[in-house]
Amino acid sequence: MRVRVGAGEGVRCGAGSKAAGGPVAGHDGDDTAREAVRRRRVLHGQSFRPEARAPVPVAADHRSRMDEEACLDGGGGGAGFPVVLVQIPMYNEREVYKLSIGAACALEWPSDRLVIQVLDDSTDPVVKDLVEIECKRWLGKGVNIKYEVRGNRKGYKAGALKEGLKHSYVHECEYIAMFDADFQPVSDFLLRTVPFLVHNSDIALVQTRWKFVNSDECLLTRFQEMSLDYHFKFEQEAGSVVYSFFGFNGTAGVWRISAIDDAGGWKDRTTVEDMDLAVRTALQGWKFVYVGDVKVRSELPSTFKAYRFQQHRWSCGPANLFKKMMGEILENKKVSFWSKIHLLYDFFFVGKIAAHTVTFIYYCFAIPVSVFFPEIQIPLWGMVYVPTVITLCKAIGSPSSFHLVILWVLFENVMSLHRIKAATTGLLDAGRVNEWVVTEKLGDANKAKSATDGLDAVKVIDVELTTPLVPKLKKWRIRFWDKYNWSEIFVGTYIIVCGFYDLFYAKKGYYIYLFVQGLAFLVVGFEYIGTRPPSAE
């Protein structure tokens, strides 16, 4: 299917309100001719390929042209731009709310075609007042920003996003850009993503990449950067190119509203509402595109407690969703058999369940236990060669952290225990299956240069607003049993015992690995990784 635009038709896009005007005086004829060529180029060139069977990420040498020539007609003001809604869900985000709101308000797009919607579920009245004041400040500058609150937190993030779509002004919007409270999009974010949706009617989602402002803060954040770089560079890219499907990352993406409606809207049946929506949308025949050269600044959890809660949600939620959607995927008639196999086997079973299980059973159970049984001999290729090749392939995603690859692998083996427990909880639909703990932000993004630097020199924080009316109550001391991660300590101790047995009795040569892996479990168990939260100081 080709997009055809006749005279006076199409969508006008440009470099924000600055580029929304007509040709420069004195060059009207030349500019008009050049603009006609540009329109034909964008519509029929390689920057956009609506006739292709599946959307493929735009080649690097075409992206710069797309960034500058995303407009179909730059001479008609902003009336032809699609109306875009920017949603920012928040919950007690004292440290980062100004950064995300400021970055969203600085997006280049005609002001009358852009709506910023701040969905504040905060329970802290002080934070709530601060967020509302910040929204009013930008409203006073002419930004079309809406501050929305609701009476309860039903459905958590999914509930807030669903409620946000019910407002009357949203009915005029065609697309939604979503950002979590610690995400700071660059000013040309919409110009580099919305054209994919405008020119390809079968694309529902454009996902961009995350860029981390605090990746060098500690070893924990470096490990997270390595894992997420691999996820974006390989998993998301491959899913986009081969299957036109991948899991929505929950933020830093642009959705077509009609696709969300077609899939049944947001659902709060699991803690991975983003993945739930992506799978249901794919089952309706929609396609996704990943644009890796568009990066959005964000913050990584730097405390191990916050990271554990995040990983529980990211492991438990997909397993629970797999259980609830298996029948729906098998019965679907709109996608091919191989697409169903990819969803059930590659995406869910291998990627969300088997990977954690195999890692823990092999590296943390089978190898240690084998030292007690002389008849069990693990071949060298299974013990060294295959794991080394897999590790090196995954490390390619973060070449600057290649020297940390061994420590990273040891840490990932430790986290496999936590993830397999979470995945089991999701499959059994029990315990903490619907637990939602918002990832704690410590304001690390404030240390980096803000995306809104130079845009606003007014300081509006009032001491009276930031000082609680009720004095802080003294916190109770944490109980000894709750202070440490005992499952990691137990496994680490067991692996080290196996190492000593191999050293003195079995003599299989596994003890070097067993000692360092056991030590890694103990380091995590006693939480000697990551930064200490302010409350702990």
Side-chain angles (χ1 to χ4, degrees), residues 89-93 96 119 121 123 153-162 178-183 207 210 212 220-221 223-225 227-228 231-232 235-236 246-253 266-280 298-325 347-349 351-357 359-360 411-412 414-442 485 487-488 524 527 530 533:
M90 290 192 173
Y91 176 73
N92 295 336
E93 309 286 359
V96 295
L119 304 168
D121 271 1
T123 54
R153 289 192 66 214
K154 182 181 178 182
Y156 303 110
K157 182 180 175 181
L161 295 171
K162 184 177 182 178
M178 298 177 186
F179 303 102
D180 282 349
D182 59 314
F183 278 70
Q207 174 70 59
W210 301 355
F212 312 109
L220 177 61
T221 55
F223 290 159
Q224 292 178 70
E225 181 188 38
S227 298
L228 290 170
H231 167 70
F232 281 108
E235 293 178 347
Q236 298 295 74
F246 47 83
F248 174 43
N249 293 116
T251 179
W266 293 101
K267 293 186 178 181
D268 58 5
R269 56 183 172 177
T270 68
T271 56
V272 283
E273 74 294 323
D274 44 13
M275 185 182 296
D276 189 342
L277 177 62
V279 173
R280 286 185 285 110
S298 64
E299 178 185 336
L300 292 166
S302 59
T303 67
F304 187 66
K305 179 181 178 182
Y307 179 66
R308 275 175 64 92
F309 279 126
Q310 182 195 70
Q311 292 302 300
H312 174 84
R313 189 172 74 247
W314 287 4
S315 300
C316 176
N320 189 237
L321 182 64
F322 174 56
K323 175 184 178 181
K324 292 180 177 179
M325 290 204 68
F347 183 75
F348 274 117
F349 180 71
K352 311 304 179 185
I353 300 173
H356 316 317
T357 307
T359 297
F360 179 76
F411 176 73
E412 285 295 298
V414 175
M415 289 307 300
S416 67
L417 171 61
H418 183 66
R419 291 170 182 147
I420 195 174
K421 289 192 297 182
T424 302
T425 300
L427 287 174
L428 297 179
D429 210 356
R432 298 164 53 197
V433 65
N434 290 319
E435 179 184 66
W436 181 284
V437 178
V438 177
T439 304
E440 180 184 17
K441 288 93 177 178
L442 299 180
N485 305 308
S487 57
E488 281 83 355
V524 172
E527 294 201 4

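Side chains are part of it too, since the values below use all heavy atoms of this structure and drop only hydrogens, waters and symmetry mates.
A salt bridge does not link Arg308 to Glu527: none of the charged side-chain nitrogens sits closer than 4.0 Å to a carboxylate oxygen.
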Is there a side chain to side chain contact (heavy atoms under 4.5 Å, CB included) between Met275 and Phe348? Walk through the geometry before answering. CA-CA 11 Å; Met275 185 182 296; Phe348 274 117; 4.0 Å; yes

Apply the test side chain to side chain contact (heavy atoms under 4.5 Å, CB included) to residues Thr123 and Asn92: give CA-CA distance (whole Å), side-chain angles for both, the deciding distance (0.1 Å), then the verdict. CA-CA 7 Å; Thr123 54; Asn92 295 336; 3.1 Å; yes

Quick one: do Trp266 and Leu277 satisfy side chain to side chain contact (heavy atoms under 4.5 Å, CB included)? Show the steps, please. CA-CA 6 Å; Trp266 293 101; Leu277 177 62; 3.6 Å; yes

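Within a 6.0 Å radius of NZ in Lys421, more than 12 heavy atoms belonging to other residues, nucleotides or ligands are found. Heavy-atom neighbours of Lys162 NZ from other residues, nucleotides or ligands within 6.0 Å: at or below the threshold of 12.
Between Arg153 and Tyr91 the shortest side-chain heavy-atom distance falls below 4.5 Å. The shortest side-chain heavy-atom distance between Gln207 and Phe248 falls under the 4.5 Å cut-off. With a 4.5 Å cut-off on side-chain heavy atoms, Leu161 and Leu119 count as touching. Here the side chains of Tyr156 and Asp121 are not in contact, with every heavy-atom distance at 4.5 Å or above. Side chains of Leu300 and Trp210 form no contact here, defined as non-hydrogen atoms less than 4.5 Å apart. With a 4.5 Å cut-off on side-chain heavy atoms, Leu321 and Arg269 count as touching.
Summarising the geometry, atom CZ belonging to Phe360 is positioned 6.5 Å from atom CD1 belonging to Ile420; distances are rounded to the nearest 0.5 Å. One finds the CZ atom of Phe232 at 10.0 Å from the CD atom of Glu235 (value rounded to the nearest 0.5 Å). Distance CG/Leu417 to OG1/Thr359: 12.0 Å, rounded to 0.5 Å. A distance of 4.0 Å separates CG of Leu228 from CZ of Phe212, quoted to the nearest 0.5 Å.
Scored by the side chain to side chain donor-acceptor pair (under 3.5 Å) test, Lys267 finds no partners at all (sequence neighbours excluded). In this structure Lys324 satisfies the side chain to side chain donor-acceptor pair (under 3.5 Å) test together with Asn320, sequence neighbours excluded. For Lys157, the side chain to side chain donor-acceptor pair (under 3.5 Å) criterion is met by Asp180, not counting sequence neighbours. Every residue two or more places apart in sequence or in another chain that forms a side-chain contact (heavy atoms from CB on, under 4.5 Å) with His312 is listed here: Cys316, His418, Ala422, Arg432, Glu435. The side chain to side chain donor-acceptor pair (under 3.5 Å) test applied to Gln224 returns no partner, not counting sequence neighbours. With sequence neighbours left out, Glu412 forms a side-chain contact (heavy atoms from CB on, under 4.5 Å) with Ser227, Tyr307, Trp408, Arg419.
Considering every non-hydrogen atom in both Ala158 and Glu273, the closest pair reads CB-CB, 3.5 Å. The minimum heavy-atom distance linking Val272 with Arg313 is given by the pair CG1-O, 3.8 Å. Nearest heavy-atom pair across Phe246 and Phe347 is C-CE1, 4.5 Å. Heavy-atom minimum distance, Ala423 versus Ala319: O-CB, 3.4 Å. The nearest pair of heavy atoms linking Asn434 to Thr270 is OD1-CA, 4.4 Å. Taking all atoms of both residues into account, the shortest heavy-atom contact from Leu220 to Pro301 is CD2-O, 4.1 Å.
Remark: the backbone N or O of Gly247 is paired with a side-chain donor or acceptor of Gln236 at under 3.5 angstrom.
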